[in-house]
Amino acid sequence: MLLERSSEFSWFGHMWSHAQPHQLTVATMQAEMRQNRDFAVAHNISTNTNYSVAPHHSGVYPVHEPLYEAWRKLLGIQVTSTEEYPHLRPVQARRGFIYKGIKVLPRQLCGLFTHTVFLDQYPGGKQVLINSIQGGELFQTILSTPVSIFMTHLSNYGNDRLALYTFESAVKFTQCWTNLQLKTETPQMMAERYFKMYPEEEDPVWQNPCNDKRHRDIWAPNKTCNRLPNFLVIGPQKTGTTALYTFLSMHPSIMSNSNSDSTFEEVQFFNGNNYYRGLDWYMNFFPKPAADAGPIYLFEKSATYFESEVVPARAHALLPNAKIITLLLSPSRRAYSWYQHQRAHGDAASLNYSFYDVARANVSSPRALRSLQHRCLNPGLYARHLGDT
Ligand SMILES: Nc1ncnc2c1ncn2[C@@H]1O[C@H](COP(=O)(O)OS(=O)(=O)O)[C@@H](OP(=O)(O)O)[C@H]1O
């Protein structure tokens, strides 16, 4: 019957077997995605929503790289949603983010699940659902979220048709008691609207997937959370961080990351665009500690973390218990060492100006000199940067 009315539906990707993507091989996951879409195409169901969800939230957050990869490549997905970011918290605390071009919107709960398909068997009695609609949780959710995405199961469109009952009643109640203009839009339009309203949410915030049981349960079984540093050496540059790195690495129980080709040894994850490469990218720099290795302490040294304004919040979100090591020496000695370092590496501005020019530059100085001065002296403003940390 549904297929006869396929022109009234649009399709979005899920997973043919309803298996969690992180538990499938990449090939099986991709095959299931194709099978799912091919079914829609074969039955003339519109497939151009560019929206997809993964079963049981799995893979959306914490991010399962192959899922995003396959969504982009096979289905051209641009929008998805989850209830899990940053955690399964009350609706006002949920956030969205954008990862590798896919916009992840917060999703809300409507109180209908796989097993709540009959009104008179609703947990706690049908009045519980009615209360939620008539001023309770569902109504409050609609009031407090300008972009609401709800999802429920096919079984709630059959049986007692609770999905239709719930949403029709919620819309009627909202229209009766508020002046809210309710409107439906395509997922892309909703996502654009959402991130225009909350641009500060665009950047993802990576957290340790093992610190939340629900996240750990949907984290790929071949992954571990042990490949994260226990402490960070944050700089600033030219304070002897390389020497410290070398001495620490000599200790049999202390290991660091492998070198990054793109950033000259240092990983520089928390401070720049590498952060957008995701958690797997970062973790892959660290050795997998062997089961019988005894306690191993992992660390990372990136000397430019010190002065970056985005690092403290990002590092705290992922490594809330990490120790932070910073080395401080006379700011003027540090600045001079940095200036010489730049000259040794052929930096044009530092070859053009003396250290005296750099130290004395002011608002009327050429832009290149002011920029050089900023890069040279800013990391030495210890009190300011440590205050941010
Ligand atoms: N123990 C100790 N005390 C004081 N200074 C020391 C120490 N060890 C190394 N150094 C000096 O630190 C400079 C290199 O610092 P970094 O390794 O942090 O440089 S970098 O940011 O990684 O490029 C570099 O300074 P310059 O000689 O001026 O280049 C090192 O000589």
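Order of listing sets the numbers, starting from 1, for every ligand and every atom in it. What you see below is based on every heavy atom in this structure, not just the backbone, and it leaves out hydrogens, waters and symmetry mates.
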Side-chain donor-acceptor pairs of residues 135-144 under 3.5 Å, sequence neighbours excluded:
unit_1	atom_1	unit_2	atom_2	d
Gln140	NE2	Gly135	O	3.1
Thr141	OG1	Glu137	O	2.7
Ser144	OG	Gln140	O	2.9
Ser144	OG	Thr141	O	3.4

Indicate the ring-plane relationship of Tyr68 and Tyr99, choosing parallel, tilted or perpendicular according to the 30° and 60° boundaries.
perpendicular
Ring centres under 6.0 angstrom apart (Tyr61, His57):
no
Output the set of protein residues with a heavy-atom contact under 4.0 Å to ligand 1, ordered first by chain identifier and then by residue number.
Gln237, Lys238, Thr239, Gly240, Thr241, Thr242, Ala243, Lys301, Ser337, His341
Only pairs under 3.5 Å count here: list side-chain donor-acceptor contacts from residues 109-119, not counting sequence neighbours, and write none if there are none.
unit_1	atom_1	unit_2	atom_2	d
Thr114	OG1	His153	NE2	3.4
Thr116	OG1	Phe113	N	2.6
Thr116	OG1	Phe113	O	3.0

Would you please classify the geometry between the His215 ring and the His87 ring as parallel, tilted or perpendicular, with 30° and 60° separating the classes?
parallel
Suppose clustering is done on Ile, Leu, Val, Met, Phe, Trp and Tyr with side-chain heavy atoms closer than 4.5 Å. Which residues sit in the same group as Tyr336?
Trp338, Tyr339, Tyr353, Phe355, Val358, Leu369, Leu372
